[in-house]
Amino acid sequence: MNETFLTRVSQHTEKMSEAELYLIRYIRENLNTIPKISIVRLSEDANVSTATIVRTMKKLGYNGFTDFKIRLKDENDQNPNFSIIEQVDEEIKDAILKNEQEVMRTIEMLNSGLIEDTVQKIRHSKRVILFARGFSELIAKEMEVKLQLLNKYAELHDDPNIIRTKSKRLEEGDLVIFVSLNGYTEELVDAAKSCHQNDTSMIALTCNKNSPLASLAELTLTGYKSETSYFPDYEVRSRLPLQVISRILLDAYAIRAGKS
C-alpha cells in the first residue's frame, strides 16, 4: 500500500472506534512530534492504551507504530523533524546485523569433526560437570537440563569456591565442560589447571581461542564475538555465540544418543 496517512484515514474511518478516532485526531494535531516519541510516550500523551495504538495502526494498514513512523518519514522527507526516524531505523538495523554476524560467523567457525569428537567425549563420560560464571551460567544451565533429559548425568556449578574445590575432587571418567565468553575467568582457569594436573578431560566453549582456558582444554569450540557492545560500561557482552555453539552441540548429541 502506497497511500498517504490521510488517505488511509479517509478510507478506514468507518471501521474505527471512538478511542481510535480520538487517537487519529491527536496524531494529526501533533504530527511533528510523532517522529521523536515512542509508542509508550504516545500512549501517555494521548491518554490511550498501547493496544489501541497498535490496533489503530493495523486498521490503517501499517505493521505497527514504527512502520507508521517510517512511512510518515517517506511522506515528509523535506521535514527535518522526520530525519530522526531514518537514524533510529539505521541504528536498529546495525543491531540486527551485529547479531546476524555473530551467529553466521560462529557457525562458519565450527568444524563438524570437532563437534563429533566432542559428542563422543560426552557420550563416553561417566558424568558431565559444567562450570560457568556470570551470564554464561544461563547457557550452562540449559545444557545441564538438556543433557539430563537425554538421560546423561550432568551437574552445574557456578560458585567460585565450589568450582575450585570440585575440580580437585573429580572422579575417573568425569568430563568437565567450561562455558566462558573470554576464557580468562580466574576461578575457571584455576579449575582447568586442577583438571589438567589430574588428567580430567575438559571441553571449553568460548569466544577466545587464545585464552588460558582454551589452551588447557582438550577440545575447544570457539565462537565469534563482535567488538561492538551496547553496554560499554558493564561486562554484559552478548553470549549469543556460546548459545549457538551449545545448541548445535546438544542437537548433535541428541542425534547420536538417539542412534545408540
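The environment of CG in Asn47 is sparse: at most 12 heavy-atom neighbours from other residues, nucleotides or ligands sit within 6.0 Å. By the 6.0 Å contact criterion, NZ on Lys59 is enclosed, its count of non-hydrogen atoms from other residues, nucleotides or ligands being greater than 12. Counted within 6.0 Å of NZ on Lys152, heavy atoms from surrounding residues, nucleotides or ligands total more than 12; the atom is thus considered enclosed. Few gaps surround CZ on Arg127; more than 12 heavy atoms of other groups in view lie less than 6.0 Å from it.
When the side chain to side chain contact (heavy atoms under 4.5 Å, CB included) test is applied to Lys126, the partners found at least two apart in sequence or on another chain are Glu171, Asp174.
Under the 4.5 Å side-chain heavy-atom criterion for ILVMFWY residues, a single connected hydrophobic cluster contains both Leu42 and Met16. Cluster annotation: Leu147 is connected to Leu221 through the hydrophobic network of ILVMFWY side chains, with a link wherever side-chain heavy atoms come within less than 4.5 Å. No path of Ile, Leu, Val, Met, Phe, Trp and Tyr side chains, each step under 4.5 Å between heavy atoms, connects Leu170 with Val179, placing them in separate hydrophobic clusters. Side-chain heavy atoms closer than 4.5 Å link hydrophobic residues (I, L, V, M, F, W, Y) into clusters, and following such links, even through other members, never connects Phe131 to Leu156. Leu250 is connected to Val244 through a chain of hydrophobic side-chain contacts under 4.5 Å among Ile, Leu, Val, Met, Phe, Trp and Tyr, so both are in one cluster.
The two residues Leu150 and Tyr253 make their nearest non-hydrogen contact at CD1-CD2, 3.5 Å. Residues Ala154 and Gln148 approach most closely at O-NE2, 2.9 Å, considering heavy atoms. Considering all non-hydrogen atoms of both residues, Pro212 and Gly183 come closest at CD-O, 3.5 Å. Nearest heavy-atom pair across Ala132 and Leu188 is N-CD2, 4.1 Å. In terms of heavy-atom proximity, Cys195 sits nearest to Val176 at SG-CG2, 3.9 Å. Across all their heavy atoms, Lys168 and Arg164 have their closest contact at CG-O, 3.5 Å.
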Stepwise side chain to side chain contact (heavy atoms under 4.5 Å, CB included) test for Arg28 and Phe5: CA-CA 9 Å; Arg28 292 178 66 174; Phe5 168 59; 3.7 Å; yes

Using the side chain to side chain contact (heavy atoms under 4.5 Å, CB included) rule, take Asn99 and Leu240 through it: C-alpha gap first, then chi angles, then the decisive distance, then the call. CA-CA 8 Å; Asn99 286 277; Leu240 182 58; 3.5 Å; yes

Intermediate values then yes/no, side chain to side chain donor-acceptor pair (under 3.5 Å), Ser10 and Thr7: CA-CA 5 Å; Ser10 65; Thr7 300; 5.3 Å; no

Evaluate Arg41 against Lys36 for side chain to side chain contact (heavy atoms under 4.5 Å, CB included), listing each step before the verdict. CA-CA 10 Å; Arg41 177 66 184 276; Lys36 303 177 183 178; over 6 Å; no

Start with the C-alpha gap between Lys209 and Thr220, add the side-chain angles, then the distance that decides, and say whether side chain to side chain contact (heavy atoms under 4.5 Å, CB included) holds. CA-CA 8 Å; Lys209 64 180 181 180; Thr220 300; 5.6 Å; no

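Of the options Arg25, Arg55, His12, a side chain to side chain donor-acceptor pair (under 3.5 Å) to Glu20 is made by Arg55 and by none of the others.
A cation-pi arrangement is present between Arg8 and Tyr62, with the terminal nitrogen or guanidinium carbon under 6.0 Å from the aromatic centre and inside a 45° cone about the axis.
When side chains are defined from C-beta on, Ile122 does not count as touching Arg256, because their heavy atoms never get closer than 4.5 Å. Contact check for Ile177 versus Met202: no side-chain heavy atoms found under the 4.5 Å cut-off. Within the 4.5 Å cutoff, side-chain heavy atoms of Ser211 are placed close to those of Tyr184.
Distance CE/Met143 to OG/Ser136: 11.5 Å, rounded to 0.5 Å. Residue Asp117 holds its CG atom at 9.5 Å from CD of Glu218, rounded to the nearest 0.5 Å. The CG atom of Asp158 lies 10.0 Å from the CD atom of Glu187; values are rounded to the nearest 0.5 Å. Here Leu175 contributes atom CG and Tyr153 contributes atom OH; the two are 13.5 Å apart, rounded to the nearest 0.5 Å. One finds the NZ atom of Lys225 at 7.0 Å from the CG atom of Asn208 (value rounded to the nearest 0.5 Å). A distance of 6.5 Å separates CG of Leu205 from CG of Leu242, quoted to the nearest 0.5 Å.
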